[in-house]
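Take a look at the structure below.
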Amino acid sequence: MIDPKLFRTDLDAVIANLARRGMTFNQQEYLELEESRKSLQMKTQELQNTRNSRSKSIGKAKASGEDIQPLLDEVATLGQELDDAKNAFEAVQIKLDDLFSGLPNLLDDAVPEGKSEDDNIEVRKWGEIPTFDFEPKDHTEVGEAIAGLDFAASAKLSGSRFAVMRAGVAKMHRALIQLMLDTHTEQHGYQETYVPYLVSPHCLYGTSQLPKFADDLFTVQGTTQDDKPLYMIPTAEVPLTNLVREQIIDEKDLPIKLTGHTPCFRSEAGSYGKDVKGLIRQHQFEKVELVQIVKPQDSMQALDELTGHAEKILQLLELPYRTVILCGGDIGFGATKTFDIEVWLPAQNTYREISSCSNMGDFQARRMQSRFRNNETGKPELLHTLNGSGLAVGRTLVAILENYQTAEGKVRVPEVLKPYMKVDEIG
RNA sequence: GGAGAGGUGGCUGAGUGGUCGAAAGCGGCGGUCUUGAAAACCGUUGAGGGGCAACCCUCCCAGGGUUCGAAUCCCUGCCUCUCCGCCA
């Protein structure tokens, strides 16, 4: 959520910033709501003040044995008046909250202007694009040819957008998770963290998947006593970031750097016809996530570092990639600045997203009430949160199947995975 | 699944329907003392919000209710702990 104070102190700047996302802000509606909020709030508080002071005098009068009936008569109508004012105020407050929680984060100055992914700007490129003396096959063909990917089986079990992996491919999939977690914990200073895969709605509100993106989520009925559904996590960002929800962190414990491997579940509503084949877009996929909780002044540098940590995995795997900064029209809802890392896929002859690394600023922290105690002022202040994939495991597997395929139809094992795989090639 | 206990500030923990946003201790901050530190002593110290301001409002797990007035009484929910049973 954007700081509501900004709307009162610098409305023009907020509107101009939202416009960079292609959003038009209904200023008229906001100003009307804000005006009634102000008058209703002041009226309500005034009535509460009256009630409080009258009640106190009743208490005193009673203690000194006076007749309190005249005082009781005096406050007789106050209750109803107060209830009415309170209800009116709450109704306006709810409308304002709805308005605010539907608004995306403000963009950092460094975010380029643009309408779509075509306007994202490449910031660096790494690795050499491999050449083949045969026509490189798509990852589904490679995987099915070596009996490692079985989409007929997954379709039978669960329908489309699921996968069954077998033998060497399944093992490589697991080895990638190991490599990623080992690298981030041993070289990048993250703490390995195991978290629930089902979470309460509060968590999803905190990281801003709710209320706006409910359609993208799966729910599980009957998991709690009051029969309210739990949500299946769409990313480990949700449980990892929510670990600091409603917490005041000691400044000396910052930054907090967490990594975890989880399955991710996404309904992929609205992506009909997109990436229907293969592992690229699944209802269930594995991801190793990176999350950092930092002081506000450290967050932009932390974003650069976190992006580098994700890139490191591709470098270890010797997979060519490029890093782009997302433009205003393509950046996610809660992010103030985002780098996407895109890996080279020979069969598509293009780069495809394999990681998205974002600085959320205080957007999530405000929703979660996640704060740290500033040792200089002694006061709690909002934290900044960051997250990034380090990496999406399925898509990394796709990249290896395509980039490391041989003319014989097998797949070489990247050097760094050999200690985990104990073989030189699969197939 | 059965039985019981309990949720109060950064932490531990008191709290009789009426100056209780809340004792006490710990921790934090400031000071005295000291070459410096520790100890001791003194002072100070919850959060959120509104208002130009004076100042005011809200918050004792959450949501309802009773009352002129609720941390305190009543109902519902959530969570934690202990014991028994079952279980990977």
Side-chain angles (χ1 to χ4, degrees), chain A residues 1-10 30-31 33-97 99-101 194 196-206 220 222-231 239 242-254 256 293 295 362 365-383:
Chain A
M1 192 152 78
I2 303 171
D3 186 352
K5 278 184 198 144
L6 274 181
F7 287 86
R8 275 175 249 152
T9 56
D10 208 353
Y30 164 73
L31 288 174
L33 280 173
E34 170 59 16
E35 198 182 310
S36 45
R37 187 229 97 220
K38 190 166 166 178
S39 63
L40 284 169
Q41 181 161 7
M42 287 174 69
K43 184 181 175 193
T44 304
Q45 295 190 351
E46 209 171 296
L47 286 167
Q48 284 172 325
N49 185 16
T50 309
R51 180 205 59 192
N52 291 346
S53 54
R54 294 299 156 83
S55 293
K56 270 182 192 172
S57 24
I58 291 175
K60 277 181 195 164
K62 206 176 175 186
S64 59
E66 294 170 33
D67 179 16
I68 59 170
Q69 194 53 49
L71 289 167
L72 288 180
D73 295 341
E74 202 177 325
V75 293
T77 57
L78 197 61
Q80 189 57 47
E81 210 178 329
L82 179 58
D83 277 351
D84 292 345
K86 218 191 257 181
N87 288 338
F89 171 59
E90 272 167 19
V92 170
Q93 195 62 54
I94 286 169
K95 280 187 189 166
L96 270 174
D97 283 347
L99 180 71
F100 287 142
S101 62
Y194 172 84
Y197 304 156
L198 302 178
V199 295
S200 71
H202 302 101
C203 292
L204 290 147
Y205 177 78
V220 181
T223 46
T224 59
Q225 288 193 346
D226 60 345
D227 233 32
K228 282 182 193 144
L230 288 175
Y231 288 81
N242 273 281
L243 286 172
V244 294
R245 181 155 55 93
E246 290 160 40
Q247 295 266 305
I248 298 175
I249 307 293
D250 206 319
E251 190 175 350
K252 70 176 182 338
D253 294 329
L254 296 171
I256 295 172
I293 314 292
K295 288 190 272 181
D362 61 13
R366 183 169 292 106
R367 289 175 167 227
M368 297 189 298
Q369 280 304 300
S370 299
R371 293 165 294 170
F372 73 102
R373 193 169 296 280
N374 184 326
N375 282 341
E376 281 180 26
T377 62
K379 295 290 176 192
E381 294 175 18
L382 289 173
L383 289 157

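All figures in this text were calculated on a predicted structure; none of them were measured in a lab. Proteins come first, then strands; the chains are lettered A, B, ... in the order of their sequence lines, and each starts at number 1. Side chains included, hydrogens not; waters and symmetry mates left out as well; all remaining heavy atoms used.
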Which nucleotide, if any, forms a Watson-Crick or G-U wobble pair with [N], using both distances under 3.5 Å?
| N | value |
| --- | --- |
| B/G4 | B/C81 |
| B/C59 | B/G46 |
| B/U19 | none |
| B/A53 | none |
| B/A38 | none |

Spacing of the [atom1] atoms in [M] and [N] (rounded, Å):
| N | M | atom1 | answer |
| --- | --- | --- | --- |
| B/G46 | B/G9 | C1' | 5 Å |
| B/C61 | B/G13 | P | 14 Å |
| B/U32 | B/G25 | C1' | 23 Å |
| B/C57 | B/G21 | P | 10 Å |
| B/A24 | B/A14 | P | 15 Å |
| B/U19 | B/C59 | P | 15 Å |
| B/C83 | B/C29 | C1' | 45 Å |
| B/A37 | B/G28 | P | 15 Å |

>> Suppose we screen for ring-ring contact (aromatic ring centres under 6.0 Å, His included). Which residues come up paired with A/Y30, at least two apart in sequence or across chains?
In response: A/F7, A/F25
>> My understanding is that only residues two or more places apart in sequence, or in another chain, count here; which of them pass side-chain hydrogen bond (donor to acceptor under 3.5 Å, both in side chains) with A/E381?
In response: A/N374
>> Going by the rule side-chain hydrogen bond (donor to acceptor under 3.5 Å, both in side chains), which residues pair with A/R373 if we only count those two or more places apart in sequence or in a different chain?
In response: none
> Which side-chain hydrogen bond (donor to acceptor under 3.5 Å, both in side chains) pairs, counting each pair once, include a residue from residues 42-53 of chain A, with sequence neighbours left out?
Replying inline: none
>> Enumerate the side-chain hydrogen bond (donor to acceptor under 3.5 Å, both in side chains) contacts for residues 77-92 of chain A, please, sequence neighbours excluded, ordered by first and then second residue.
In response: A/Q80-A/D84
Heteroatom pairs (N/O) under 3.5 angstrom, protein to nucleotides 50-52 of chain B:
residue : atom : partner : partner atom : Å
B/G50   : OP1  : A/R8    : NH1          : 2.4
B/G50   : OP1  : A/R8    : NH2          : 2.6
B/G50   : O4'  : A/Q41   : NE2          : 3.2
B/G50   : O3'  : A/R37   : NH2          : 2.8
B/G51   : OP1  : A/R37   : NH2          : 3.4

> Starting at the 5' end of RNA chain B and moving along, which residue's nearest nucleotide shows up first, A/K60 or A/L72?
Replying inline: A/K60
>> Need to verify one output field. Residue with the more 5' nearest nucleotide on RNA chain B, A/Q48 or A/G59?
In response: A/G59
>> Is the phosphate of B/C55 approached by A/N49 (side-chain N or O, under 4.0 Å from OP1 or OP2)?
In response: no
>> On the nucleotide B/U67, are OP1 or OP2 found under 4.0 Å from the side-chain N or O atoms that A/R54 carries?
In response: no
For [X] and [N], give me the distance from atom [atom1] to atom [atom2], rounded to whole Å.
| X | N | atom1 | atom2 | value |
| --- | --- | --- | --- | --- |
| A/L47 | B/C68 | CG | P | 17 Å |
| A/D83 | B/C68 | CG | P | 12 Å |
| A/K62 | B/U67 | NZ | P | 14 Å |
| A/Q93 | B/C57 | CD | P | 18 Å |
| A/E246 | B/G10 | CD | P | 12 Å |
| A/F7 | B/G49 | CZ | C1' | 17 Å |
| A/Q80 | B/U67 | CD | P | 13 Å |
| A/K86 | B/G63 | NZ | C1' | 14 Å |

> Between the main-chain N or O of A/C203 and the side-chain N or O of A/N242, is there a donor-acceptor pair closer than 3.5 Å?
Replying inline: yes
Are [X] and [Y] packed together at the side-chain level, in the sense that at least one heavy-atom pair is separated by less than 4.5 angstrom?
| X | Y | answer |
| --- | --- | --- |
| A/P4 | A/R366 | yes |
| A/R367 | A/F100 | no |
| A/L382 | A/D3 | no |

>> Within the 4.0 Å heavy-atom criterion, would you say A/N52 contacts the bases, only the backbone, or no part of the nucleic acid?
In response: sugar-phosphate
> Which residues satisfy the salt bridge (charged side-chain N to carboxylate O under 4.0 Å, His left out) test with A/K5, sequence neighbours excluded?
Replying inline: none
>> Just to verify, what does A/E246 make a salt bridge (charged side-chain N to carboxylate O under 4.0 Å, His left out) with, not counting sequence neighbours?
In response: none
Can you give me the N/O atom pairs linking the protein to nucleotides 45-47 of chain B at distances under 3.5 Å, or say none if there are none?
residue : atom : partner : partner atom : Å
B/A47   : O3'  : A/R371  : NH1          : 3.1

